[in-house]
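A, B, ... follow the sequence lines: proteins, then strands. Residue 1 opens every chain.
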Number of protein chains: 2
Amino acid sequence: MFAYITTAGQMKANKSLTVPDSSTEEKIKNAARRIFHKKGFAATRTRDIAAETGINLALLNYYFRSKQKLFDIIMLETMQGFLQSIKGVFNDELTSFDHKITAIVNNYIDLLIAQPDIPLFILSELKTNPQDLLGKIGMKDILMKSHFLKQFKEAVKAGKIAPIHPMHFIMNLMSMAVFPFVASPMIMGLGELSQKDFNELMTQRKVLIPKWIKALLKAK
Amino acid sequence: MFAYITTAGQMKANKSLTVPDSSTEEKIKNAARRIFHKKGFAATRTRDIAAETGINLALLNYYFRSKQKLFDIIMLETMQGFLQSIKGVFNDELTSFDHKITAIVNNYIDLLIAQPDIPLFILSELKTNPQDLLGKIGMKDILMKSHFLKQFKEAVKAGKIAPIHPMHFIMNLMSMAVFPFVASPMIMGLGELSQKDFNELMTQRKVLIPKWIKALLKAK
DNA sequence: GAATGAATTAATCAAATGTTTAATTATTTT
DNA sequence: AAAATAATTAAACATTTGATTAATTCATTC
């Protein structure tokens, strides 16, 4: 029944090494990524993806079989990309704890200024999908078994920072860097900020947050 | 055409003063609230609301005319409720700046432990709907013209805290209190936390966040 | 207690939406 | 160049889904 689709799948496997992003399959994925990121799975129409790609609706199922399968691919790639951008920092054995904080905040904020829809997309869809995705990308080990976390625990032991649950630390770091992007419509509304104003504030935070985090770690 | 519905609306206006939450209209709203909060507008099916209410689907339209109108009511009430819980604190002229911080954090976290779906719901739907909602509930004035903000600016002038954009302060406060709830699936997954573990961490944060915020305000 | 209006339901509609089919065009293979 | 395979499209299908209609039950009023 799906013989020709299987073949298409094979074509993809072959082509993906040689053909650039302008292949039909990549064009569909790019359009799908944009729309899924902006509207989420439930509010996205396959017809809209096809229209934005500039192809016939049937081609979407020809290449990806279903909306769900296409979504799963986009979701996985998105989470991998999100993780990739900080993976290196977390396990760099050569940099100090303080330097890692700065590097992580800088990486996150740069990424989010460029792609501000990603965090709300991930958090919304992660709630529907269970945590099998978290397992699939191995986020847990990358973060919780990282050199970064080891350094945190050592600093606690050495009495350099207050003894709090490591998760509080992770939450504070993520909160201050990521939340403003999740809440940007509200923040821009409340503060009467333009997109440019907002991005300027976020750029300021690249230097402010590390400072704040260090102050807060020593508190009390 | 909708004569009987108009009448139903009138009935509601009359009844709402005397009839308890067990009226059909309230039962529909309660079910709608639960499902909208959990799945958002796009993923919610009117049939699911009807089923959860235990009524015939047609009654939903009889009372509320459309899914959108029902949603608008829930959305407005949700935002008002969310705001209501901190409105008083913000403009209490009798309490200190530090006390307000503690009160706000406590109010927020108590509310979110009880209704953890609310922030992601609001932030997701606020992105679709423009900011006309923000205007409708007058959030801007309550927050930005508050006694709380005045106290912040005075403390900056007096040199008691570092001179940062007030929006940074608001973002930090909201981030640290609200973001963990928005990201709870990820946080619980990463930290291998049960719901109980998570709630305990959040309860700890009621005392930790005010401490952190104060430390961070003086940083550098 | 008949009459009137409100509340509720079963059934149906119409549009939206994900998916498939069958045919056509383009490309590759022999 | 013919044959075979892949890519693409127009059209249609089958469900889903929000909404409506027409009838029925329930409650209130006179």
Indicate, with a heavy-atom threshold strictly under 4.0 Å, whether B:Leu57 touches base, sugar-phosphate, or nothing. base
Whole Å only: how far is the CZ atom of A:Phe41 from the P atom of C:dT17? 13 Å
Would you mind telling me which of D:dA7, D:dA19, C:dT20 lies closest to the side-chain atoms of A:Tyr62? D:dA7
Distance, rounded to the nearest Å, where B:Gln68 contributes CD and D:dT17 contributes P: 17 Å
Check whether any side-chain N or O of B:Asn56 sits under 4.0 Å from OP1 or OP2 of C:dT8, and answer yes or no. no
Rounding to a whole Å, what distance do you find between A:Phe71:CZ and C:dT17:C1'? 17 Å
How long is the line joining CG of B:Leu60 and P of C:dA10, in whole Å? 15 Å
Side-chain-base donor-acceptor pair under 3.5 Å for B:Arg45 and D:dG18: no
Counting N and O atoms only, with roles assigned by atom type, does the side chain of A:Lys67 sit under 3.5 Å from a partner on the main chain of A:Thr44, one being a donor and the other an acceptor? yes
Are the side chain of B:Lys100 and the backbone of B:Thr95 linked by a donor-acceptor contact shorter than 3.5 Å? yes
Quick note, A:Tyr63 side chain, CB onward, closest among D:dT8, C:dT17, D:dT17 is D:dT8
From the list B:Met79, B:Met75, B:Glu77, B:Gln84, side-chain contact (heavy atoms from CB on, under 4.5 Å) with B:Ile137 holds only for B:Met79
What is the distance, to the nearest angstrom, from the CZ atom on B:Phe64 to the P atom on C:dA7? 12 Å
Determine: side-chain N/O of B:Thr46 to OP1/OP2 of D:dT17, distance under 4.0 Å, yes or no. no
Aromatic rings A:Tyr108 and A:Phe82: how do their planes relate, parallel, tilted or perpendicular, breaks at 30° and 60°? tilted
Can you check the B:Ile49 CD1 to D:dT16 C1' distance for me, whole Å? 15 Å
Length of the CG-C1' vector between A:Asn61 and D:dA14, whole Å: 14 Å
Take atom CG of B:Leu59 and atom P of D:dC26, then tell me their distance rounded to the nearest Å. 14 Å
What's the closest nucleotide to the side chain of B:Thr24 if the choices are D:dT9, C:dT8, D:dG18? C:dT8
So what does B:Ile55 hit on the nucleic acid, given a heavy-atom distance under 4.0 Å: a base, only sugar-phosphate, or nothing? sugar-phosphate
Checking C:dG18, D:dT20, C:dA7 against the side chain of B:Ala58 (C-beta onward), the nearest is D:dT20
Nucleotide nearest A:Arg47 (side chain, heavy atoms from C-beta), chosen from C:dT12, C:dT9, C:dG18: C:dG18
Using ring centroids (six-membered ring only for Trp), state whether A:Phe121 and A:Phe41 fall under 6.0 Å. no
